[in-house]
Amino acid sequence: MDYPWFKEYDLCGIPRTLEPYPSIPTHGFLDQVADSHPRMGCVQLGLEMTYREVREHADRLANALAALGVEKGDRVVTLLPSSIQFVVADSGISKAGAVHVPCSFLEARDTLAHKLSESSPKALICLEEHLATAEYLKEFMAAPNIIITKLDDYSGWSTKRAGLPDVLWLTEIIDQAAPRPPKVEIDPARDLETLLFTGGTTGLPKGCMLTHRNLVANVLQNIAVFGPVTKVLKGNINVIMGLPFFHSYGHCIMHTMIGGMAATMLIVPDPRDVKAMLDIMHKYNPVLQFGVPTQFMKMLEEDLHAARVIGISGSAALPPTVQEKFEESSGGGFVSEGYGLSELSPVTHFNVSTNLRVMGGRKGVRIFNAVLFNPVSIALTRAQAKLLGPKRFGKMFTGIISFLAKRSRKSEEARKVEKKATIGIPLPDTEVRVVEVDSGRVLSFEELYREGKVGEMLLKGPQRMLGYWPEPGKGLDEEGFVHTGDVVKMDENGYFSIVDRTKDMVIVSGYKVYTREVDDILYDHPATELAATIGVPDPERPGSERVWVFVQVKEEYKGKVTEEDYLNYLKEKVAKYAVPREVVFLDEMPLTEVFKVNKKALREMQIKKLQLEQAAEG
């Protein structure tokens, strides 16, 4: 079938399919890069560690886990921030034939207890500061193996340890084990690499059973959608990893940077530490920065004049105004956006239009691909990159990209191709179906781009999970599609835009209010730091809802803008039925552990408030 997005594939040099996918375990990526790019690796807290050294630590950890009784198919939980420890643990668990269950130490104990009750792990690896939480979770484990570490165990300075009974130190068991992982036969298509729990924003978290094949496929899909430039960049660049590895997005990008890009990862353990990211930027000249929208928002508060980096945002919607301001404030950097969900490993879409604009539009891309990305030019550029090294090559490459980005902003022709506020086009081999929300009728792509119809997006592909733990097929429809809950529209070139989530869509007297669209309008207001639109049941109209808006205003606007100002602003831009009943100012917007605005918490808070008010009146 000739999909609408194939036009963009052919223009950008993206293959229409990547089949057949290699039959390798996920940790095979680390083994490959350790041999092929021995100078590349990880940087954390002043420590520079090669992938060859990371592999040895992972091999030793796999041996140590086997000695503790961890066998093929057993689960191992980690409660770790983004760190070298996480990278070592992920590959070590995989080499032992076990299943990695990454969890967030920011979650409530009850949530963690649910995840451990479901997965019954034989071991838990965490930071020393979370030992009390680990001890609490022991009763939900299949074996009481607690392994602890300190963040600065992998740092440029020495560290002291407290003498703690009944626990194992990660670095000690690694030092004591031989670098010989157990021999385990892995079937990449059937054996799980990760049991990744969903965020639980609409109920209890569900465990997504992700196989080695799922993750390997998604790594290769991510690289393919970047086009032929990756042939130049592979093994030659540094990248900032300022996102949680325990989250599906961070976990996938970690694998992609190791296995697909062979990049040195500049790891920022605290994703809120924007200043650390900027310091790293100045020292290592990274080409890419992976983060979440709130990080790019926070960076706007700093001096970005010298920031020349290609930002890739995920996990939540990137407001177009943030994208625009980042490019205006930085030294020529820009931000692109992707989309995914845990059930799909997670990446399914990427917005290539920003890259098209930077390269001068559709005509410019054809010239670039013909002149710079032919086999001879690629070989010459790679040879030059090897001579320069990642820091100097990164400075040269980002300098060129910054010049192109600035120039393209002045070109009307180039700007026409950019499609902001879209999640982009599907990755190779990703199947997309769109159905009417009310009837479930499958909409043709022609109905989407010619008639402007919208519907819920369904997805499947080689990166799709086996199902929700522990039952293969659970969470999939009869044809194997995952129902995303996202209402989308699509244009003639196959770019998808999220209109709303089905659970966030508000019904006001039969009219549908797409809260995502209202949110985007709120972010256009100069006073908005963070914003969220929700619906709550209307007690006066059964079956209908009321619209409520929550805003966290920027510090410099506090006391200078009122709720009434926002109401008047929205009355000019949205339909009457979409005007909120009230605008509520918050000092601090509730966020999830991956820094998404937590609409579930806002909805619960507002419903509880209304119930108390009704009780007081009655």
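Every heavy atom of this structure was used, including side-chain atoms; hydrogens, water molecules and symmetry mates were not.
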Working to the nearest 0.5 angstrom, can you tell me the gap between [X] [atom1] and [Y] [atom2]?
{"X": "M297", "Y": "L318", "atom1": "CE", "atom2": "CG", "answer": "7.0 Å"}
{"X": "I258", "Y": "F29", "atom1": "CD1", "atom2": "CZ", "answer": "10.0 Å"}
{"X": "Q463", "Y": "L210", "atom1": "CD", "atom2": "CG", "answer": "10.5 Å"}
{"X": "I498", "Y": "D486", "atom1": "CD1", "atom2": "CG", "answer": "4.0 Å"}
{"X": "Y284", "Y": "I240", "atom1": "OH", "atom2": "CD1", "answer": "11.0 Å"}
{"X": "L243", "Y": "Q289", "atom1": "CG", "atom2": "CD", "answer": "9.5 Å"}

Exercise. Would you please name every residue forming a ring pair (Phe, Tyr, Trp, His ring centres under 6.0 Å) with Y249, sequence neighbours left out?
Key: none

Quiz item: Listed by chain and number, what are the ring pair (Phe, Tyr, Trp, His ring centres under 6.0 Å) partners of H100, not counting sequence neighbours?
Solution: F86, H251

Quiz prompt | Residues which pass side-chain hydrogen bond (donor to acceptor under 3.5 Å, both in side chains) with T256, listed by chain and number, not counting sequence neighbours | solution = N222

Contact between [X] and [Y] at the side-chain level, heavy atoms closer than 4.5 Å - yes or no?
{"X": "M265", "Y": "V87", "result": "yes"}
{"X": "N218", "Y": "P346", "result": "yes"}
{"X": "P188", "Y": "T211", "result": "no"}
{"X": "M465", "Y": "L344", "result": "no"}
{"X": "V347", "Y": "Q221", "result": "no"}
{"X": "V352", "Y": "V225", "result": "yes"}
{"X": "V482", "Y": "D477", "result": "no"}

Any residue meeting side-chain contact (heavy atoms from CB on, under 4.5 Å) with [X], in chain and number order, not counting sequence neighbours:
{"X": "V371", "answer": "I367"}
{"X": "T422", "answer": "N351, K419, Y495, S497"}
{"X": "R16", "answer": "D2, F6, Y9, D10"}
{"X": "V365", "answer": "L11, L356, M359, N369"}

Ignoring hydrogens, what is the shortest heavy-atom contact between [X] and [Y]? Give both atom names and the distance.
{"X": "M261", "Y": "I237", "value": "CG-CD1, 4.0 Å"}
{"X": "V268", "Y": "S82", "value": "O-CB, 4.1 Å"}
{"X": "I93", "Y": "T78", "value": "CD1-CG2, 4.1 Å"}

Classify the side-chain pair [X]/[Y] by whether it contains a donor and acceptor separated by less than 3.5 Å.
{"X": "D429", "Y": "T17", "result": "yes"}
{"X": "H27", "Y": "S91", "result": "no"}
{"X": "Y449", "Y": "N493", "result": "no"}
{"X": "E337", "Y": "Q323", "result": "no"}

Quiz item: Can V287 and V309 be said to form a side-chain contact (heavy atoms from CB on, under 4.5 Å), step by step?
Solution: CA-CA 5 Å; V287 170; V309 70; over 6 Å; no

Practice problem: Let me know which of E343, K474, K206 forms a side-chain hydrogen bond (donor to acceptor under 3.5 Å, both in side chains) with Y468. | Solution: E343

Quiz item: Taking only residues at least two apart or on different chains, which pairs with a member in residues 89-98 satisfy salt bridge (Lys or Arg N to Asp or Glu O under 4.0 Å)?
Solution: D31-K95, D59-K95

Quiz item: Which residue pairs pass the side-chain hydrogen bond (donor to acceptor under 3.5 Å, both in side chains) test when at least one of the two sits in residues 228-239, sequence neighbours left out?
Solution: N236-K386

Self-check item: Residue pairs passing the side-chain hydrogen bond (donor to acceptor under 3.5 Å, both in side chains) test where at least one lies in residues 186-195, sequence neighbours excluded
Solution: K72-D191

Quiz prompt | Partners passing salt bridge (charged side-chain N to carboxylate O under 4.0 Å, His left out) against E8 (at least two apart in sequence or in another chain) | solution = R362

Exercise. Output all residues satisfying salt bridge (charged side-chain N to carboxylate O under 4.0 Å, His left out) with E418, sequence neighbours left out; order by chain, then residue number.
Key: R357

Does [atom1] in [X] sit with more than 12 non-hydrogen atoms of other residues, nucleotides or ligands closer than 6.0 Å?
{"X": "K489", "atom1": "NZ", "value": "no"}
{"X": "E19", "atom1": "CD", "value": "yes"}
{"X": "K7", "atom1": "NZ", "value": "yes"}

Practice problem: Walk me through it: do Y51 and H37 pass the test ring pair (Phe, Tyr, Trp, His ring centres under 6.0 Å)? | Solution: CA-CA 8 Å; Y51 283 126; H37 296 86; 9.0 Å; no

Quiz item: Does K115 come within less than 4.0 Å of E107, counting only side-chain N to carboxylate O?
Solution: yes

Practice problem: Please step through side-chain contact (heavy atoms from CB on, under 4.5 Å) for the pair V434 and V442, ending with a clear verdict. | Solution: CA-CA 6 Å; V434 180; V442 177; over 6 Å; no

Exercise. Walk me through it: do L233 and F226 pass the test side-chain contact (heavy atoms from CB on, under 4.5 Å)?
Key: CA-CA 11 Å; L233 300 182; F226 270 91; over 6 Å; no

Quiz item: So L79 and I125, side-chain contact (heavy atoms from CB on, under 4.5 Å) or not? Walk me through it.
Solution: CA-CA 6 Å; L79 279 174; I125 306 173; over 6 Å; no

Quiz item: When the ring centroid of F350 is compared with that of Y339, is the distance short of 6.0 Å?
Solution: no

